[in-house]
J.: 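Let me give you the structure first, and then I'll get to my questions.
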Amino acid sequence: DTAVSQTPKYLVTQMGNDKSIKCEQNLGHDTMYWYKQDSKKFLKIMFSYNNKELIINETVPNRFSPKSPDKAHLNLHINSLELGDSAVYFCASSRQEGPTGELFFGEGSRLTVL
Amino acid sequence: AQSVSQHNHHVILSEAASLELGCNYSYGGTVNLFWYVQYPGQHLQLLLKYFSGDPLVKGIKGFEAEFIKSKFSFNLRKPSVQWSDTAEYFCAVNPSGGSYIPTFGRGTSLIVHP
């Protein structure tokens, strides 16, 4: 069973479109994240979310929005896509209690904006 | 806010050579420290972690790292690399307790020639 799963794995779309990437974790974790990995492999945190609070990286454009229907899911919505949004997006999860901070990553969703 | 520096961006080695990748962080309090590995085309996975106790931690595939608190460092080592170690290596820091977001270094690309 995949612990953190993302769909779709590949997404090719035109500038200006709106798209979503879904993420689900079956680990029972409390906190989920979205990271963006650019072409130079740099990992940038976009959002951190648990059932208590959403922490947003202030450098993330408001065209990006996380939606969490329940604690096992954290979807990423992107409006008005731009060329610079092309990247690999990784979802991750971790537990809040006990030794914390270890992240379990999904396999990534490669977004290409034309 | 915490930050993480990885000084070696690209490392090229021959098989059987020894490896040491540098990682320094800036944060005044107690931290949890991690090394993640990303094999070509794959997601990030945990290599090893430090929460407390023995500052020399051993991970998978013969990797180890040493936490030196006075130097704010958590360098990754392997005495003899293999071609299959070719990957991106990321150091990450997470302050202990409270609301936090794991912060990653820029990554080190390791290429091992057979």
Side-chain angles (χ1 to χ4, degrees), chain A residues 2-7 9-10 21 23 25 27 29-60 66 74 87-110, chain B residues 1-6 8-11 21 23 25 27 29-53 57 59-60 67 74 86-111:
Chain A
T2 303
V4 182
S5 58
Q6 299 177 225
T7 54
K9 287 187 169 49
Y10 300 94
I21 306 173
C23 179
Q25 56 96 2
L27 298 167
H29 286 166
D30 303 293
T31 307
M32 296 183 72
Y33 311 82
W34 277 105
Y35 281 85
K36 178 181 180 181
Q37 186 175 48
D38 63 22
S39 58
K40 295 183 179 179
K41 302 290 187 181
F42 182 48
L43 271 169
K44 174 184 170 183
I45 183 69
M46 301 179 73
F47 305 101
S48 166
Y49 183 80
N50 63 24
N51 57 2
K52 297 175 185 174
E53 65 180 325
L54 170 65
I55 301 174
I56 301 172
N57 183 331
E58 60 187 17
T59 67
V60 174
L74 183 66
V88 181
Y89 293 84
F90 285 100
C91 177
S93 70
S94 70
R95 59 179 176 145
Q96 196 73 2
E97 302 299 324
T100 54
E102 177 181 349
L103 297 175
F104 292 78
F105 284 86
E107 295 190 345
S109 296
R110 182 175 294 275
Chain B
Q2 69 271 21
S3 66
V4 181
S5 297
Q6 290 183 241
N8 319 99
H9 296 300
H10 300 280
V11 175
L21 302 182
C23 174
Y25 67 93
Y27 183 74
T30 305
V31 294
N32 300 323
L33 298 158
F34 308 85
W35 276 97
Y36 289 85
V37 60
Q38 185 180 24
Y39 297 106
Q42 297 188 25
H43 64 289
L44 281 82
Q45 53 189 288
L46 185 70
L47 204 52
L48 48 77
K49 61 189 176 187
Y50 172 80
F51 289 145
S52 63
V57 293
I60 60 172
F67 171 49
F74 190 56
T86 294
E88 293 281 332
Y89 291 82
F90 295 90
C91 182
V93 168
N94 205 15
S96 301
S99 293
Y100 48 79
I101 299 175
T103 300
F104 283 78
R106 292 193 68 94
T108 297
S109 173
L110 171 66
I111 296 175

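Computed from a prediction, not measured in an experiment: that's the story for all the values here. Naming: A, B, ... by sequence-line order, numbering from 1 per chain.
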J.: For the residue pair B/His43 and A/Gln6, establish whether any side-chain heavy-atom pair is separated by less than 4.5 Å.
T.: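 Sidechains of A/Gln6 and B/His43: no contact.
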J.: Report the distance from atom NZ of A/Lys41 to atom CZ of B/Phe104, rounding to the nearest 0.5 Å.
T.: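 A/Lys41 atom NZ to B/Phe104 atom CZ measures 14.0 Å (nearest 0.5 Å).
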J.: Give a yes or no answer on whether the side chain of B/Tyr36 reaches the backbone of A/Leu103 with a donor-acceptor pair at less than 3.5 Å.
T.: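 Checking the backbone N and O of A/Leu103 against the side chain of B/Tyr36, a donor-acceptor pair under 3.5 Å is found.
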J.: Sequence neighbours excluded, which residues qualify as ring-ring contact (aromatic ring centres under 6.0 Å, His included) partners of A/Phe47?
T.: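 With neighbours one apart ignored, the set is empty.
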J.: Quick one: pull up CZ in A/Phe42 and CD in B/Glu88 and give me the separation to the nearest 0.5 Å.
T.: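 Between A/Phe42 CZ and B/Glu88 CD, I get 12.5 Å after rounding to 0.5 Å.
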J.: Would you mind checking which part of B/Leu44 comes under 4.5 Å of any heavy atom in chain A, side chain (CB onward), backbone (N, CA, C, O), both or neither?
T.: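 Backbone plus side chain of B/Leu44, per the 4.5 Å heavy-atom cut-off to chain A.
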J.: Could you tell me which of A/Gln37, A/Arg110, A/Lys44 has the largest number of non-hydrogen atom pairs under 4.5 Å with chain B?
T.: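 Heavy-atom pairs under 4.5 Å are most numerous for A/Gln37.
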J.: If I compare all heavy atoms of B/Gln38 with all of A/Phe90, which pair ends up nearest, and what's the gap?
T.: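 Taking B/Gln38 first and A/Phe90 second, the nearest heavy atoms are NE2-CZ, 3.4 Å.
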